[in-house]
Asks: 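For reference, the structure I am asking about is given below.
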Amino acid sequence: MNSGKGNMILLTVMSIATLLVAVVGATFAYFGALMQGSEGSPTFEVTSGTLSTEYNGDANIINGNVGQGEVIGTKEITVTGVVTGSNNFKYEVLLDVTNNTYDDGELFYTIISTNESNNGTTIASVSEPIAIPTGANTISLGTGVFAGPTTVGLNHKYFVTITRNGETSQNSDKAINAKFYVSQVVSQSKK
């Protein structure tokens with residue numbers, strides 16, 4: 001009978017020791033991520049949370065030639081963020097153009113921004129058209145911020161329109177292939 005009681009005590013002590021090692025390891029990893037560099041080295045601001053994106057349809061803008069002044073495509077983008085840390089959660093919306101045979105200044109975009117959750121800041125609305133350069137490139141539409149901490153998903157909504165300039169000449173063999181995506185922005189500063 002004593003042998004069974006001794007085994008139970010040994011297992012309990014081992015379980016508690018394992019739990020302490022796991023807690024200390026997790027705590028070290030958390031604080032390790034927040035460490036700042038020494039003089040002259042970069043400091044990174046790390047925020048924990050989740051970021052999800054929803055599109056009407058999908059993230060792609062794929063279209064062939066359209067007439068002057070016509071809309072190439074529209075995309076409604078909803079960015080949802082949950083910030084589990086106390087730092088702000090920054091994100092960037094990008095347009096990845098893999099092929100654009102239109103001339104420089106022939107295509108442009110506008111953005112209508114809505115802060116549905118009244119939290120943080122959205123990318124600024126753009127009513128004056130911004131030109132999309134010819135060829136393959138990645139265009140930053142801007143940076144938004146969710147303020148933390150939050151316990152529920154917060155929404156920032158964007159309505160992006162890509163239009164062909166009405167003053168350019170008509171050419172029947174032009175096309176654009178592009179895709180929107182959202183990524184977290186990690187801040188870096190020198191101390």
Side-chain angles (χ1 to χ4, degrees), residues 45 47-84 87-148 150-188:
E45 178 184 318
T47 302
S48 58
T50 60
L51 194 63
S52 63
T53 308
E54 193 175 311
Y55 303 93
N56 62 327
D58 60 20
N60 296 312
I61 296 283
I62 300 174
N63 205 320
N65 194 50
V66 297
Q68 296 172 330
E70 290 185 29
V71 172
I72 295 274
T74 60
K75 193 59 59 183
E76 184 177 278
I77 305 167
T78 303
V79 181
T80 303
V82 176
V83 185
T84 55
N87 290 334
N88 292 338
F89 195 98
K90 298 176 186 176
Y91 66 89
E92 184 175 25
V93 177
L94 299 138
L95 178 63
D96 183 29
V97 180
T98 56
N99 179 40
N100 178 13
T101 59
Y102 287 93
D103 296 330
D104 280 336
E106 196 169 358
L107 297 182
F108 57 87
Y109 69 89
T110 57
I111 304 172
I112 298 172
S113 303
T114 307
N115 191 339
E116 291 187 332
S117 302
N118 200 25
N119 174 279
T121 56
T122 61
I123 294 169
S125 290
V126 175
S127 58
E128 287 294 317
I130 296 178
I132 298 174
T134 192
N137 53 69
T138 301
I139 301 166
S140 174
L141 302 183
T143 303
V145 178
F146 289 111
T150 64
T151 57
V152 297
L154 305 166
N155 292 329
H156 292 171
K157 189 170 279 191
Y158 304 100
F159 190 76
V160 182
T161 304
I162 298 176
T163 308
R164 184 172 182 190
N165 188 336
E167 300 171 4
T168 57
S169 63
Q170 184 78 19
N171 187 333
S172 61
D173 61 348
K174 296 188 177 186
I176 183 170
N177 297 345
K179 181 176 187 172
F180 291 95
Y181 66 96
V182 177
S183 67
Q184 180 182 4
V185 174
V186 177
S187 298
Q188 178 181 352

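FYI, the numbering just counts along the sequence from 1. What you see is a predicted model; the values in this text were computed from it and never measured.
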Asks: Locate the shortest heavy-atom distance separating Thr98 from Ala136; write the atom from each residue and the value.
Replies: O-CB, 3.6 Å
Asks: About how many Å separate CZ of Phe146 and CG of Asn88, when rounded to the nearest 0.5 Å?
Replies: 11.0 Å
Asks: Give me the atom names and distance for the closest heavy-atom approach of Val145 to His156.
Replies: O-CE1, 3.2 Å
Asks: Over all heavy atoms of both residues, which pair between Gly105 and Ala131 is shortest? Give the atoms and the distance, please.
Replies: CA-CB, 4.0 Å
Asks: Out of curiosity, Lys75 NZ to Ile111 CD1, how far, rounded to the nearest 0.5 Å?
Replies: 14.5 Å
Asks: Supply the atom-to-atom distance Ile162 CD1 to Ile130 CD1, rounded to the nearest 0.5 angstrom.
Replies: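 Interatomic distance, Ile162 CD1 to Ile130 CD1, rounded to 0.5 Å: 12.0 Å.
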Asks: Donor-acceptor pair, distance only, cut-off 3.5 Å: does the side chain of Thr122 make one with the backbone of Thr114?
Replies: no
Asks: Answer yes or no: are there more than 12 heavy-atom neighbours, outside Glu54 itself, under 6.0 Å from its atom CD?
Replies: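 Count not over threshold, so no.
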Asks: Which heavy atom of Val126 sits nearest a heavy atom of Thr110, and at what distance?
Replies: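 Smallest heavy-atom distance, with atoms named: O-CB, 3.2 Å.
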Asks: Quick check for you: to the nearest 0.5 Å, what is the distance between Asn60 atom CG and Lys179 atom NZ?
Replies: 5.5 Å
Asks: Which one of Asn99, Leu107, Thr134 satisfies the side-chain contact (heavy atoms from CB on, under 4.5 Å) criterion with Ile176?
Replies: Leu107
Asks: If you measure only the distance, is there a donor-acceptor pair under 3.5 Å linking the side chains of Thr80 and Asn155?
Replies: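 Yes - a donor-acceptor pair under 3.5 Å links their side chains.
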Asks: Taking NZ, NE, NH1 and NH2 as the nitrogens, is one of them in Asp103 or Lys174 under 4.0 Å from a carboxylate oxygen of the other?
Replies: yes
Asks: Taking the side chain from Ser113 and the backbone from Ile123, do they hold a donor-acceptor pair closer than 3.5 Å?
Replies: yes
Asks: Looking at side-chain heavy atoms only, is the closest gap between Pro133 and Ile139 below 4.5 Å?
Replies: yes
Asks: Rounded to the nearest 0.5 Å, what's the gap from CD1 on Ile77 to OH on Tyr55? Could you check?
Replies: 5.5 Å
Asks: Does some side-chain heavy atom of Ile132 sit less than 4.5 Å from a side-chain heavy atom of Tyr102?
Replies: no
Asks: Taking atom types as modelled, is there a side-chain donor on Thr138 or Asp96 under 3.5 Å from an acceptor on the other?
Replies: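 On atom types as modelled, these side chains qualify, holding a pair under 3.5 Å.
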Asks: What's the separation between atom OG1 in Thr143 and atom CG in Leu141, rounded to the nearest 0.5 Å?
Replies: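 These two atoms lie 10.0 Å from each other.
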Asks: Look only at the side chain of Asn115 and the backbone of Gly120, and say whether a donor-acceptor pair between them is shorter than 3.5 Å.
Replies: yes
Asks: Compare every heavy atom of Ala178 with every heavy atom of Leu95, then report the nearest pair and how far apart it is.
Replies: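 That closest heavy-atom pairing would be CD1-CB, 3.7 Å.
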